[in-house]
Asks: 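Pasting in a structure now, in structure tokens, and then I'll have a few things to ask.
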Amino acid sequence: MSKVKSLEDLMKIKEQALKELQMRDSKKKGKIVVAMGTCGIAAGAKDTLRAIVEALDKNHIVDVAVVQSGCMGLCEVEPTVEVRMEGQDPIIYGHVTPEQAERIVKQHVIEGKVVSDLVVRKGEV
Amino acid sequence: MAVSTNTILICAGGACISAGEKSVKQVLEEKLREYALDGVVRVVETGCMGACDLGPIVAVFPEGVYYQKVNAENVKKIVEEHILKGRVVEEMLFEGPQGKITEEVHEEHPFFKKQVKIATRNLGIIDPMNIDEYIARDGYFALIKTLTQMSPEEVIETVKKSGLRGRGGAGFPTGLKWELTRKSPADKKFVVCNADEGDPGAFMDRSILEGDPHTVLEAMTIAGYAIGGQKGYVYVRAEYPLAIERLRNAIKQAREYGFLGENILGTDFSFDIEIRIGAGAFVCGEETALMNSIEGKRGQPNVKPPYPAQKGLWGYPTLINNVETFANIPPIIIKGADWFASIGTETSKGTKVFALAGKVKNTGIVEVPMGITLRELIYDIGGGVPNGKKLKAIQTGGPSGGCIPAEYLDTPVDYESLKKLGAIMGSGGMIVMDEDTCMVDVAKFFLQFTVDESCGKCVPCREGTKRMLEILEKITSGEGEEEDIEKLEELGQTIIDSSLCGLGQTAPNPVLSTLKYFKDEYEAHVKEKICPAKVCKSLIRYVIDPDKCVGCTACARVCPVNAISGEVRKIHNIDPEICTRCGSCIEVCRFGAISKVSP
């Protein structure tokens with residue numbers, strides 16, 4: 001650890017640590033829900049989950065929460081991922097591999113464009 | 001930094017640790033590993049979250065769901081249901097006085113809504129062992145601001161203007177104390193943090209040190225800059241091992257970042273802090289006794305003046321503030337004196353942290369704006385008295401304070417209003433008493449404490465409190481005479497007027513304040529030999545109601561002294577000569593046949 005000599009040094013530490021703290025904030029702009037029922041886990045939902053968090057981290061996105069849920073009844077298209085962005089209809093994606101998960105983060109979360117070829121359902125269930 | 005989805009906060013305050021927090025954490029981490037979630041879910045131990053009787057508390061973020069009474073067994077459910085499948089475990093949800101707290105109601109819940117957190121702003125939110133998390137919440141920004149943009153005089157002016165008063169109990173204006181210490185000419189000056197929190201039932205300072213140790217270090221360094229000091233001491237009692245451990249770690253981290261030591265933040269200001277551990281004497285919370293103890297001498301008070309601001313540690317000017325007072329300093333520097341002064345009442349600014357204890361549903365740590373009424377504090381935040389009992393009195397200020405009867409519930413909480421009622425703000429212990437409390441017994445309890453803790457240096461305190469205790473023992477054992485009450489009043493006033501230090505000068509308060517409001521209870525003990533609350537053992541008897549007793553023999557079997565006679569299916573009888581009034585029989589009787597009577 002190097003000594004803090006200026007406001008800039010302190011700001012740097014703050015920004016880095018704040019990212020971690022913001023993961024705990026419940027007031028986020030968006031939410032990504034990964035279905036983690038037995039079916040989802042068997043289909044590889046854990047790798048998907050990991051890929052989503054890594055993609056968010058790589059792109060410095062801190063205001064989107066990632067949470068897990070149970071089986072949503074779409075067992076045949078697992079792993080399923082639901083993306084809820086503020087002011088938009090929620091989108092459920094199916095067959096989300098780690099690679100597809102990265103695409104979803106890039107296209108949907110960052111650019112705001114729905115990844116249409118993976119969509120299973122649109123709107124409130 | 002590792003990426004994570006959920007963060008699980010476990011309250012690692014002293015109360016939750018005693019309730020089994022360590023084993024919860026262990027099982028939690030094992031379970032997460034088992035499901036290969038140990039990389040994506042982060043477990044953080046935080047300071048006290050304030051709801052101590054419902055601990056260990058576990059909070060899952062980003063959802064903001066709080067779970068209560070988590071143990072090594074049911075914590076598995078949190079992992080398997082909530083973390084893995086996203087289903088909230090309903091039956092374990094934290095239940096406040098107005099119902100369960102889920103993410104929807106969190107902000108709106110009176111337990112949180114009526115609180116204003118300044119001194120405890122980081123408790124239960126950051127990891128106290130990680131300096132970066134303190135920095136993320138604007139930690140050490142106040143220090144940078146003072147060292148680079150403010151003169152020592154401007155710092156003192158800001159603290160003065162904020163209206164902050166000492167939170168240790170007496171309420172001396174903090175800014176004025178800083179100014180007096182700055183103006184005392186000397187080539188060496190000290191800053192001391194009084195963390196010798198000793199009142200029975202008070203644990204605010206411990207919670208702050210355990211949950212946010214850096215705020216105290218930052219504030220002490222700012223104080224050092226303001227008064228022209230070079231060295232600081234945190235005097236913390238040996239009974240707080242966790243606070244000591246976290247403080248030590250915090251001091252180490254602060255030195256590594258250069259917030260303590262030579263040329264702080266590249267300026268020519270140097271300051272360092274050491275911990276001094278007290279050996280467990282209540283009197284060492286008195287500032288002159290505390291300084292004697294730091295110097296390695298016997299912990300006994302000196303005559304004031306000279307005050308510590310003039311002649312303190314080793315004869316040098318010394319600034320002594322309490323933990324909570326220091327914890328208010330960084331926000332005042334960052335947000336300004338006007339912001340702080342806008343909270344509270346005309347003469348009492350800001351907030352006060354209270355340790356709610358006794359007969360109240362939500363025991364724990366709460367921070368409220370000055371001027372809030374006792375009713376809001378006890379009922380809206382504390383959840384009221386459990387088991388449908390009636391509130392009788394509120395004790396504030398521990399052995400130096402007094403009792404406020406229930407009819408003054410609408411009194412605002414500020415230094416002056418509480419003093420007017422014969423109680424004091426005190427350091428923040430607040431004990432709620434219900435109708436089953438005997439006020440003479442309460443007075444005796446606190447006096448017993450001061451008699452034990454009197455250092456013996458001056459006669460009024462050493463001999464006077466002992467005599468008062470003897471009179472109280474006489475009254476509670478049914479031997480009281482009418483002149484005893486007068487004697488208590490006279491003796492109490494003499495001790496207040498003639499004792500050397502704050503311990504003796506306030507020791508009679510619990511007796512005098514109960515005499516003021518509950519004189520009829522004292523008179524009942526003395527004249528009629530009755531204890532109206534049925535607490536004083538010499539004045540009560542246990543009796544069996546023959547109409548309700550079915551002769552199950554449960555009471556006779558549990559009685560440790562064989563005072564209960566009677567055969568199976570025949571009415572039992574208690575012999576008052578043998579009975580020791582231990583109360584075991586009442587607990588086992590399933591028919592409500594046993595009751596206490598006085599006389």
Asks: Please report the shortest heavy-atom distance between A:Met36 and B:Leu84, naming the atom on each side.
Replies: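 For A:Met36 versus B:Leu84, the nearest heavy atoms are CB-O, 2.6 Å.
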Asks: For residues 90-100 of chain A, please give each side-chain donor-acceptor pair under 3.5 Å, one per line with the distance, not counting sequence neighbours.
Replies:
{"residue": "A:Tyr93", "atom": "OH", "partner": "A:His108", "partner atom": "ND1", "Å": "2.7"}
{"residue": "A:Tyr93", "atom": "OH", "partner": "A:Val115", "partner atom": "N", "Å": "3.1"}
{"residue": "A:Thr97", "atom": "OG1", "partner": "A:Glu99", "partner atom": "OE1", "Å": "3.4"}
{"residue": "A:Thr97", "atom": "OG1", "partner": "A:Gln100", "partner atom": "N", "Å": "3.2"}
{"residue": "A:Gln100", "atom": "OE1", "partner": "A:Arg103", "partner atom": "NH1", "Å": "2.9"}

Asks: Out of B:Leu37, B:Asp138, B:Ile8, return the one with the most heavy atom pairs under 4.5 angstrom to chain A.
Replies: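 Option with the top pair count is B:Asp138.
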Asks: Which value, rounded to the nearest 0.5 Å, describes the distance between B:Tyr140 atom OH and A:Asp9 atom CG?
Replies: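 The OH atom of B:Tyr140 sits 15.5 Å away from the CG atom of A:Asp9.
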Asks: Mind checking the CG-NZ spacing from B:Asn263 to A:Lys3? Nearest 0.5 Å is all I need.
Replies: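 B:Asn263 atom CG to A:Lys3 atom NZ measures 10.0 Å (nearest 0.5 Å).
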Asks: Please classify the contact of A:Lys5 with chain B as side chain, backbone, both or neither, using a heavy-atom distance under 4.5 Å.
Replies: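 The answer is both parts of A:Lys5.
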Asks: At a 4.5 Å cut-off on heavy atoms, which part of A:Ile32 comes close to chain B: side chain, backbone, both, or neither?
Replies: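 Contact with chain B is absent: no heavy atom of A:Ile32 under 4.5 Å.
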Asks: Are B:Tyr35 and A:Ile41 packed together at the side-chain level, in the sense that at least one heavy-atom pair is separated by less than 4.5 angstrom?
Replies: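 No. Closest side-chain heavy atoms not under 4.5 Å.
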Asks: Check whether B:Ile144 gets within reach of chain A through its side chain, its backbone, both or neither, counting any heavy atom under 4.5 Å.
Replies: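 It is the side chain, since no backbone atom gets that close.
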Asks: Check each atom of A:Leu49 against the heavy atoms of chain B and say whether the ones under 4.5 Å are side chain, backbone, both or neither.
Replies: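 Side chain only.
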Asks: Is it true that, when you exclude A:Glu111 itself, more than 12 heavy atoms of the residues, nucleotides or ligands shown sit nearer than 6.0 Å to its CD?
Replies: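 Check passes, neighbour count above 12.
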Asks: For the CG atom of A:Leu18 and the CD atom of B:Glu133, what is their distance to the nearest 0.5 Å?
Replies: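 A:Leu18 CG to B:Glu133 CD: 10.5 Å, rounded to 0.5 Å.
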Asks: Which atoms of B:Ile83 are under 4.5 Å from chain A, going by heavy atoms: the side chain, the backbone, both sets, or neither?
Replies: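 Both backbone and side chain of B:Ile83 come within 4.5 Å of chain A.
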Asks: Holding to side-chain hydrogen bond (donor to acceptor under 3.5 Å, both in side chains), I want the full list of residues that pass it with B:Glu245, two or more places apart in sequence or in another chain.
Replies: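 For B:Glu245 there are no side-chain hydrogen bond (donor to acceptor under 3.5 Å, both in side chains) partners, ignoring immediate neighbours.
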Asks: Does B:Lys145 have more than 12 heavy atoms from other residues, nucleotides or ligands lying within 6.0 Å of its NZ?
Replies: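 Counting neighbours around NZ of B:Lys145, more than 12 heavy atoms of other residues, nucleotides or ligands fall under 6.0 Å, so yes.
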